[in-house]
Amino acid sequence: MFTNVQEAMDWVMAQRKKHTFNEFKQYMAMKGNPQYKLKCIHVAGTNGKGSTTNYLRSILQCAGYKVGSFTSPHLMTHLDRIRVNNQNIDADYFLKIVNDNYQQWQEYELSMFEIDMYISVCYFITQKVDFAVYEVGLGGRLDNTNVINPLVCVITNIEMDHMQILGNTIAEIAAEKAGIIKDNVDVLTFERKEEALNVFKGSCQEHHSQLFQTEPVKKYTIANGQLHYNYRHHQITLNTVAPYQILNSSLAIDTIMYLKAKNIIKVNEEQLLTGLLTTWAGRFEIIHQNPLVILDGAHNENGIDALCRCIDDLKQEVVIVFSALKDKNYHSMLQKLLSKGEVIVTQFENKRMSSAVDLAAGFPNIEIIADYKEALQYALSKNKTLIVTGSLYFISLVRFYFINE
């Protein structure tokens, strides 16, 4: 029995048992498959899942719907993984459901992600949400979120990431992501690589589904901290200066228009445009002014490429603080970052963390400061724009540090 929510969260986060996906499916079936009561949108992909999920949540909320969202990892507290109308799951509810179920979860040896998934379903049903937007945690085919039966599947893109789990080619990784595709459930994507699209097309054919692609956007402008572009017949403004959000927001627009065309939702132009003004924490997020501090969870090569383009658009001298997990191709990521400015590597407490010394191996021009708080203070003393990037777990710690300093 847990006496407060922190104890309950700590216990949940400590549950690391690895199951097969089928075992979790069996658990949900034993519970009566409550997830089938929800109207869901399923979002997979290598990069942009969280942002796309947030744009969808925001637009639907602006259209008057009550919306659940499930994302990972958390950025401030474990509770922010499960939200209704962008508000964290109620702490008292979380404590009660853990106390009511933890003995059974121990018996079935559920992992943290399985527990979170089950709690989200129960909470969304209790809150009577109109829609639930689920972000895939890893891959798709064997991800815990894949127990849902969605209205539509959304796949952002396919890049080389988590290769030790998902495969060593674009096609292999695409097949894992395409594992969320269900019979007669259509798919939307902004992916352009033929190797990935061929996998999507094959899976859609097998499941009697249609594949839809976003239109490319070639022109945009940045002014007064906002990004402007035209998409189809819409004149879009985003509350960001990160051009990579064009891909995520246009995918959200097409998904909303798809649901509208199917008479699943009602949304007008004003609601759409207002919804797109939302921001997503940790994605080229300005967290401090004078000096300017920007957080960006670019945790793979594709993410770093997008971040580098954003740095180019800034046209400012930058100092970069970087930390990463050891399963990432951080050598290549650091090479790209070094072309943009001074780089400091650091580390944080996580079983999967790479040490600062390992990160800097082979780079004599990179500074090593193991204590990330010291690294941040040293970087701030440079009086340049500070970019903090790498693992989203690291970004979470840094965000907490700046907000609570």
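Ring centroid separation for the pair Tyr123 and Phe94 does not come in under the 6.0 Å cut-off. Checked against a 6.0 Å centroid threshold, the rings of Phe131 and Tyr65 count as neighbours.
A salt bridge links Glu285 and Arg399; the closest N-O separation between the charged side-chain nitrogens and carboxylate oxygens is under 4.0 Å. At a threshold of 4.0 Å, the pair Lys96-Asp100 counts as salt-bridged, since one of the basic side-chain nitrogens sits closer than that to a carboxylate oxygen. Salt bridge Asp305/Lys336: present, at least one basic N to carboxylate O contact under 4.0 Å. We find that Lys384 and Glu342 are joined by a salt bridge, their nearest charged nitrogen and carboxylate oxygen being less than 4.0 Å apart. Using a cutoff of 4.0 Å between basic side-chain nitrogens and carboxylate oxygens, Lys193 and Glu191 are scored as salt-bridged.
Checking Ser120 against Tyr134 by side-chain atom types alone, a donor-acceptor pair falls below 3.5 Å. No donor-acceptor contact under 3.5 angstrom links the side chains of Ser396 and His74, judged on distance only. For Asp10 and Gln6, the side-chain atoms include at least one donor-acceptor pair closer than 3.5 Å. The closest side-chain donor-acceptor pair between Ser354 and Gln347, if any, does not fall under 3.5 angstrom. Side-chain contact check for His207 and Asp183: at least one donor-acceptor pair (N or O, by modelled atom type) lies under 3.5 Å. For the residue pair Asn33 / Gln35, a side-chain donor-acceptor distance below 3.5 Å is found, with atom types taken as modelled. When only modelled atom types and interatomic distance are considered, Glu159 and Asn300 share no side-chain donor-acceptor pair under 3.5 Å. Judged purely by distance below 3.5 Å, without hydrogens or angles, the side chains of Tyr229 and Ser250 never pair a donor atom with an acceptor atom.
Distance alone, capped at 3.5 Å, places no donor-acceptor pair between the Asp313 side chain and the Ala242 backbone.
Results of the side chain to side chain contact (heavy atoms under 4.5 Å, CB included) test with Ile59 over Leu276, Thr255, Thr274 single out Leu276 as the only residue that passes. A side chain to side chain contact (heavy atoms under 4.5 Å, CB included) with Arg283 is found for exactly one of Ile395, Leu392, Asn47, namely Leu392.
Applying the ring-ring contact (aromatic ring centres under 6.0 Å, His included) test to residues at least two apart or on different chains, the pairs with a partner in residues 303-344 are His331-Phe363.
Between Phe2 and Trp11, the ring-plane angle classifies as tilted under the 30° and 60° cut-offs.
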